[in-house]
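Here the structure is a predicted model, which means the values were calculated and not measured. Naming convention: chains lettered A, B, ... in sequence-line order (proteins, then strands); numbering from 1 in each chain.
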Amino acid sequence: MNFINLLKIAINALKRNKMRTLLTMLGIVIGVASVIAMLAIGQGSKKSIQEQVSSMGSNMIIVFPSSQMRGGVQMGSASSKSLTIDDIEAISKNCPSVKMASPEVRGSGQVIYSGKNSPTTLYGGNENYLGIKKLSVTSGREFTIKEIQSSAKVCLAGTTVIENLFGSSADPIGQYIRFNSIPFKVIGVLSEKGQNTFGQDQDDLIIAPYTTVQKRVLAITHVQTILASALNEASSPKAVAEVEELLRARHKIRGDQENDFEVRSQEELVQTFSSISNILTILLGAIAGISLLVGGIGIMNIMYVSVTERTREIGLRMAIGGRGKDILLQFLTESILISVFGGLIGILLGVGASQLVGKIMNWPTVVLPQAVVAAFAVCTAIGIFFGWYPARKAANLDPIDALRYE
Amino acid sequence: MAKTIIEVKDLRKDFQVGEVTVHALRGINLKIEEGEFVAIMGASGSGKSTMLNILGCLDKPTSGEYLLDGHSVGNMSRDERAWLRNQKLGFVFQSYNLLARTSALENVELPLMYNPKIKAKERKELAINALETVGLADRMHHKPNQLSGGQQQRVAIARSLVNDPVVILADEATGNLDTRTSYEIMSVFQELNSKGKTIVFVTHEPDIARLTSKNLIFRDGHIIKDILVSHKTFAREILETLPVYDDYKK
Ligand SMILES: Nc1ncnc2c1ncn2[C@@H]1O[C@H](COP(=O)(O)OP(=O)(O)OP(=O)(O)O)[C@@H](O)[C@H]1O
Ligand SMILES: [Mg+2]
């Protein structure tokens, strides 16, 4: 029996029970579609996290105070005042792999402008701050070193803040806004960044010289976080090591003592998030995979029914010269056709669904070609695996018994 | 001297049913020559179907020898016997065994599908020829449920002869049909036989057996009588004597 005849027989047999074929196929369709969609969603979130983080500066290094044991009492990291402006100057001077550094101080509160107000966060940095965070100013200007030295009450505002306070028409440059009742002159508007992966609005912020924020808003002298950027992505691990060594020396931390700060590179952050979303992807994929398995069992079930129903046909085919192999291939072709067709439809549906999810839920999705190829291969394998036993049962029937079967 | 198609020597078949051994065939010796039309007769359970299944290479004998057209079937594998059935044999069953929802033409083509040497075009030509032989050329696109019992059986006969077998085996091929249709089918068989086809035919009805050339009477797994039918009767002639509405009397 040649291949075309096999296909013809299988297609005819499947057409004879259209509804049953379609329902059996549906199991595979749903299974494959959900696997593809789940993987696309998982991959999408991974990719967007990566993009997000590198848009924040993939060679960025963050130093923040860590909780420390003092006399057996764990101090909260927020209360730690271990980082100072001098640390930043030392880092700029003594770490060859660090291009520039900036303090970061922040406080949250209300901004007010002529009766309108909204909650936001105020960040303070030096002249390098925008560069390190890959921010830029679309209108107006950045603050100057002189303004930093004089703790000038000037600020750069994110687009969300501008919208909340000024609406879309008025020109905010030169206007005074109040943050926790301290007036700031708006000297620039930051470029729009949109939401990050976690749904956070990255444009809801105000940036001012750190000196102003330290003295006039927070009344502190220490620095909450140090931001630095490495010369390039490759040198970022080296920069981390240099910063750590320098700060240990400066903070007089000896030998086996724990650091009172932590140094993280954005690179590490990317990896952590990537591995989290990898786990997420695997989990989602596995759950979807179970539905594919159930679809496969559905095929097996229907093939058993089909073999029993067509016992006499099998007997006849054997009587007129069909070998066991021919019968086996006939039923195997049927189950493979069901699973492969179901798989193709499932792939289309899965790709469509992930695109739809991407549009409607505003959730990034990435359909990997490997996932599609793998889904197709798995479908074929399912057809063979779950079709095998019913087909072998058919092939091993005794022709006389099969012919007599009622 | 005609060619010997079937030669059976001291053939036995036992069935083991639990503790009991059923001796279905107890030493059959048999020779069927090319062009013979043999009827196998006998009471129910005498071993007729068992004999035919072995002749048809569907079943293996417990002991004894069976030569089909020069091939020794006794120690053949499953696949070899399938090949023999495909090349040398044609079957006609009591219950037609046509594939449902499949046209007469495709049903007749079926045996040739299992012969890789025959291409689609030739297959179709051979099937149409076979349907013409049984007088059903005008019904070749009908499905079994659009055909009468007699017509279905004629499709089955066409299927049995499409591969030009050395012998056609029929087990109670008229068993499901009324008298008139039975004679119609017998007339088809007679015509095939007159063209030289060898036919082995199991039947319960002496009237039908009369239309063959040789009757073998089975009892308890033995052939007890081997009768040559001397006076040839033609099914076609009997058909003419039957009243047209005979169907209702039976
Ligand atoms: N598969 C089997 N297993 C056990 N016994 C069997 C089997 N097939 C046939 N027999 C026995 O073998 C004997 C012959 O059966 P067979 O079917 O050949 O009879 P038959 O002459 O065709 O009868 P009928 O005219 O009723 O069809 C019977 O006693 C039957 O019970
Ligand atoms: Mg019988």
Side-chain angles (χ1 to χ4, degrees), chain A residues 1-22 302 305-334 337 391-406, chain B residues 13 15 24 49-50 52-54 56-60 76-103 106-120 123 143-144 156 159-163 165 168-171:
Chain A
M1 172 122 339
N2 67 36
F3 184 65
I4 293 166
N5 288 345
L6 269 176
L7 269 185
K8 226 170 92 180
I9 290 170
I11 289 170
N12 282 339
L14 294 177
K15 275 203 294 202
R16 235 172 271 163
N17 282 300
K18 279 198 195 75
M19 187 51 90
R20 194 163 83 184
T21 305
L22 287 178
I302 285 304
V305 171
S306 181
V307 167
T308 308
E309 258 181 14
R310 285 150 70 191
T311 301
R312 281 177 69 126
E313 175 191 328
I314 295 164
L316 172 82
R317 286 181 183 278
M318 286 176 162
I320 60 175
R323 292 162 302 169
K325 199 178 100 188
D326 297 317
I327 306 296
L328 183 94
L329 282 178
Q330 181 189 331
F331 282 91
L332 218 48
T333 308
E334 269 180 46
L337 274 184
R392 218 186 49 175
K393 183 189 167 192
N396 287 346
L397 282 174
D398 182 68
I400 301 168
D401 292 343
L403 276 169
R404 281 212 198 111
Y405 185 85
E406 293 297 333
Chain B
K13 179 71 185 177
F15 290 107
S49 294
T50 307
L52 208 71
N53 286 340
I54 291 174
C57 304
L58 290 167
D59 209 352
K60 269 178 154 179
M76 277 190 172
S77 71
R78 241 172 100 100
D79 283 359
E80 283 172 319
R81 278 183 285 137
W83 177 82
L84 217 55
R85 292 197 292 272
N86 187 250
Q87 300 292 317
K88 305 273 181 198
L89 297 170
F91 291 92
V92 182
F93 304 95
Q94 183 173 356
S95 49
Y96 328 132
N97 275 328
L98 299 178
L99 293 190
R101 275 167 277 191
T102 306
S103 74
E106 283 175 299
N107 263 296
V108 174
E109 281 185 57
L110 206 57
L112 304 179
M113 294 266 233
Y114 290 97
N115 184 347
K117 283 191 205 113
I118 293 179
K119 300 280 169 285
R123 187 168 71 221
K143 313 250 157 92
R159 181 181 62 195
S160 77
L161 58 92
V162 75
N163 58 344
I168 293 176
L169 303 170
D171 195 349

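At a 4.5 Å heavy-atom cutoff, Arg81(B) makes no contact with chain A through either its backbone or its side chain. With a 4.5 Å cut-off on non-hydrogen atoms, Ala120(B) does not touch chain A at all. Looking at Gln87(B), neither its backbone nor its side chain comes within 4.5 Å of chain A, counting heavy atoms on both sides. Contact annotation for Asn53(B): only side-chain heavy atoms (C-beta onward) come within less than 4.5 Å of a heavy atom of chain A.
Contact between Leu397(A) and Arg78(B) at its shortest, heavy atoms only, is O-NH2, 3.3 Å. Minimum interatomic distance between Arg85(B) and Gly322(A) (heavy atoms only, all atoms of both residues): NH2-O, 4.3 Å. Of all heavy-atom pairs between Leu58(B) and Pro399(A), the closest is CD2-CB, 3.8 Å.
In this structure, Tyr114(B) OH and Arg323(A) CZ are separated by 10.0 Å, a value rounded to the nearest 0.5 Å. Annotation: the span from Ile400(A) atom CD1 to Ile54(B) atom CD1 amounts to 8.0 Å, rounded to 0.5 Å. Distance check, rounded to the nearest 0.5 Å: CG of Asn17(A) to CZ of Arg101(B) gives 6.5 Å. With rounding to the nearest 0.5 Å, the separation of CG in Asn5(A) from CG in Leu112(B) is 10.5 Å. Taken from CE in Met113(B) to CG in Asp326(A), the straight-line distance is 11.5 Å, to the nearest 0.5 Å. Within the model, atoms CG of Leu98(B) and CZ of Arg312(A) stand 10.5 Å from one another, a figure rounded to the nearest 0.5 Å.
Contact count versus chain B (heavy atoms, under 4.5 Å) is highest, among Arg16(A), Arg310(A), Lys325(A), for Arg16(A). The most heavy-atom pairs under 4.5 Å with chain A, out of Leu84(B), Asp79(B), Asp59(B), come from Asp79(B).
Considering only heavy atoms from C-beta on, Asn12(A) stays 4.5 Å or farther from Leu99(B) through its side chain. Residues Thr102(B) and Glu313(A) have side chains not in contact (no heavy-atom distance under 4.5 Å, counting atoms from C-beta outward). Looking at Leu403(A) and Phe91(B), their side chains never come closer than 4.5 Å, going by heavy atoms from C-beta outward.
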